[in-house]
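Everything numeric here is computed off the predicted structure, so don't read it as measured data.
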Amino acid sequence: MVTVQVDNTPVIDPEQLADIEKFEQMLARYKTGELAEDVMRVFRLNNGIYGQRQGGTRQMVRIKIPAGILVPDHFGALAHIARTHSRGWGHITTRQNIQFHFVELDEVPDVMRILASVGLTTREACGDTVRNVQGCHLAGACPHEVLDITAWAQATATHFLRHPYAQRLPRKFKINFSGCSTDCGQAMFNDVGIVAATRETNGGVEAGFRVFIAGGLGANPHPALALEDFTTREDLLPTIEACLRVFDHDGYRENKLRARMKWLVEQLGFEELQRRILHERKFLLASSSWPGGIPELVQAQGDTPAGLDANTTATPVGQGVAVSIAGNLPYERWERANVVRGVAKGTVSAYAWARLGDITAEQFEALGALQTELNAECRVTNRQNIVFRNLSNEQLPRLFDALSAIGMAEPGAELLRDVVACPGADTCNLAVTQSRGLADAIGERLEEEGLAEVGGLRINISGCTNSCGQHHASDIGFFGAERRAHGRSAPGYQMLLGGYVGDTQIHFGAKALRLPARNAPDAVVRVVRKFTAERNAGEEFRHWLERSGGARVVGKTLADLDEFPLPDHGPEYYVDFDETGPYEVVLGESECAT
């Protein structure tokens, strides 16, 4: 999916052009009534176009960013779309997509052409397809990695784009790569999660992968399970395709709520699922689409790890890392909290903070110009930020000044102040609460209390049980729920504590208590204060929580917050964040399960 320039005119990849022209044809048929609504919905979703709760012709457009890689031309195109087709800004998702809301359906083909002109696509970003292939945002720039998984993630994305088996699956299928067991890419809750690993051989040490399958979040979270002890580099793509084929053959199509890969473990048992996948891989050699061997892209780009500089202390990475944001000067604080060091080639990486994952048209443009000026690499992170890579130490002050000018230089990106939230009831048909509004309120309270820069904690929020905000996998998580109090509906949340992803394992957060939406910021402040007052030196939140008796015990210390005042005494409790009228649950038809 490459575009070239001829006389400054972009030439669109022929396959993408065919996608766009087909979309225009289907849209015309739909508008005349020739194409049924349910057929158009499936077609639209497979092309990355998602309905909003506002209904009508306004759509969400989701753009796949494989491995999170962005180049200057991408930033320019995204800025143009934000300004001319959306509401002035775009949103980074927890799966390294970028999406725009309130795009008119008639304008979608124009948006697709803009994206295609810079080599981006919306195809299979939604629907029952292979979704955006994620990869650790520090891949190739991390001192801890076993392999640079960048080219592997890109090759996987290319292989499955428009793949015959990836068009009408029982349900969506998610693939994720991490370069080491720290699992910054969060492979442990995906349908297929790949973590670079090594094994000892007679000739020394061989680098390859551990493949984990059937992970997922949602209302019924399930940890990914190891398919086999070690998968060679030559066998990796055939293994992934074998997983996809077994899912296509055996996935439960009659009930979309039980159609993800994780339900096959319950349906078949893990041993039988494992047997079918390995059997499928064994005979995949006979298929015309057999993808065995080292992919050409990997051969061309390489997968040698960044390596560790013996003279530089490597910056710790991953969940639970307790970073101290010290210093009096703004640059000192940012440099201490947002910069990653330690790779053998001597380059550094630095995070640009995107509040709530949002980036304005002006910020897109500035980021693209800055990337060009610094000759840097840029990637989207799964915590909704941008990381600049391949920098020298001498470039850091310039990067800080430029990010400060556009409001993206807060210290602590990826840490506590960086609250992650799904779009929530702002645009989602299934959300019952304004998760973005709560994220904002929590951030403000942490700032007020001087706690926004506490290290070693992450907060994630979803507007419903579906976990698009990944609330199960964070230290402090919330998901939205309707509450009834004094005969009225009111916005509420379930608070979870102790979620963790790392060391090729996942622990899902446990329920602590339910509480009114308005009291959630106070609950966070009290938990963070308790943690900072009681933790041992270097102790991670999950270990402190276990030592304190667990989520339920800590939740009991917050029981006074689970109270609704009478509507006349506390009317704000019956109005959700970012709303002006009384709270009510308004659900649209789910397109997640279409």
Side-chain angles (χ1 to χ4, degrees), residues 3 5 10 63 65-84 86 88-93 96-100 114-115 117-120 135-142 150 306 315 329-341 343 345-415 417-418:
T3 59
Q5 299 282 335
I63 304 152
I65 314 291
I69 299 170
L70 290 172
V71 300
D73 283 349
H74 294 164
F75 283 116
L78 297 171
H80 181 59
I81 292 168
R83 186 174 287 118
T84 61
S86 186
W89 49 273
H91 179 71
I92 301 172
T93 77
Q96 294 178 308
N97 299 291
I98 292 178
Q99 56 194 40
F100 292 97
I114 295 168
L115 295 169
S117 72
V118 296
L120 293 175
C136 173
H137 52 274
L138 290 176
C142 177
T150 301
T315 303
L329 298 177
Y331 172 77
E332 291 178 350
R333 292 157 50 75
W334 173 85
E335 188 269 344
R336 180 71 181 270
N338 288 33
V339 175
V340 177
R341 288 191 170 86
V343 297
K345 57 187 177 182
T347 60
V348 296
S349 301
Y351 290 106
W353 179 68
R355 176 183 165 274
L356 296 181
D358 298 339
I359 301 183
T360 67
E362 293 72 24
Q363 288 172 328
F364 276 129
E365 288 177 338
L367 290 170
L370 190 56
Q371 183 181 13
T372 298
E373 175 189 337
L374 300 178
N375 192 29
E377 300 171 358
C378 284
R379 298 199 190 179
V380 176
T381 83
N382 53 31
R383 291 196 67 77
Q384 303 173 316
N385 296 306
I386 302 288
V387 62
F388 279 74
R389 302 139 46 95
N390 198 35
L391 299 166
S392 67
N393 281 297
E394 291 72 25
Q395 290 175 314
L396 291 176
R398 168 58 185 152
L399 176 63
F400 172 76
D401 289 342
L403 293 178
S404 296
I406 57 173
M408 298 185 72
E410 283 288 336
E414 309 274 307
L415 298 177
R417 70 152 40 93
D418 190 32

Q: Atom CD in Glu365, atom NE2 in His80: separation rounded to 0.5 Å?
A: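 Output value for this atom pair is 10.5 Å.
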
Q: At their closest point, which heavy atom of Leu403 faces which heavy atom of Leu370, and how far apart are they?
A: CD2-CD2, 4.2 Å

Q: Taking the side chain as every heavy atom from C-beta outward, state whether Asp401 and Tyr331 have any pair of such atoms under 4.5 Å apart.
A: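 With C-beta onward as the side chain, the pair stays apart.
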
Q: Restricting to non-hydrogen atoms, name the atom on Leu374 and the atom on Gln395 that form the minimum distance, rounded to 0.1 Å.
A: O-NE2, 3.1 Å

Q: State, with a plain yes or no, whether a side-chain heavy atom of Leu120 is found less than 4.5 Å away from one of His74.
A: yes

Q: Check Ala77 against Ile114 and note the closest heavy-atom contact, atom names and distance.
A: CB-CG2, 3.8 Å

Q: Can you find a side-chain donor-acceptor pair between Ser349 and Arg379 that sits under 3.5 Å?
A: no

Q: Can you check whether Val387 reaches Leu138 side chain to side chain, under 4.5 Å on heavy atoms?
A: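 The answer is yes, as the side chains (C-beta and beyond) meet within the 4.5 Å cut-off.
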
Q: Among Leu78, Ile386, Ile81, Leu70, which residue satisfies the side-chain contact (heavy atoms from CB on, under 4.5 Å) criterion with Phe364?
A: Leu78

Q: What distance separates His137 NE2 from Cys378 SG, expressed to the nearest 0.5 Å?
A: 12.5 Å

Q: Would you compute the distance between atom NE2 of His91 and atom CG of Leu356 and round it to the nearest 0.5 angstrom?
A: 8.0 Å

Q: Which residues satisfy the side-chain contact (heavy atoms from CB on, under 4.5 Å) test with Glu410, sequence neighbours excluded?
A: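 By the side-chain contact (heavy atoms from CB on, under 4.5 Å) rule, Glu410 matches Trp353, Arg417.
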
Q: Let me confirm one number: the CH2-CZ distance from Trp89 to Phe100, rounded to the nearest 0.5 Å.
A: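 It is 10.5 Å, given to the nearest 0.5 Å.
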
Q: So which atom in Ala413 and which in Asp418 form the shortest heavy-atom distance, rounded to 0.1 Å?
A: C-OD2, 4.1 Å

Q: Calculate, to the nearest 0.5 Å, the distance between atoms CZ and OH belonging to Arg383 and Tyr351 respectively.
A: 10.5 Å

Q: Got a donor-acceptor contact below 3.5 angstrom from the Gln96 side chain to the Gly135 backbone?
A: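 Yes, the answer is positive, given that a donor and an acceptor are paired below the 3.5 Å cut-off.
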
Q: Looking only at heavy atoms, which two atoms of Ile92 and Asn385 are closest? And how far apart?
A: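 Nearest heavy atoms, Ile92 then Asn385: CD1-O, 3.9 Å.
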
Q: Which value, rounded to the nearest 0.5 Å, describes the distance between Leu367 atom CG and Ile359 atom CD1?
A: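 Answer rounded to 0.5 Å: 5.5 Å.
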
Q: What heavy-atom pair brings Asn338 and Gly412 nearest, and what distance separates the two atoms?
A: OD1-N, 2.8 Å

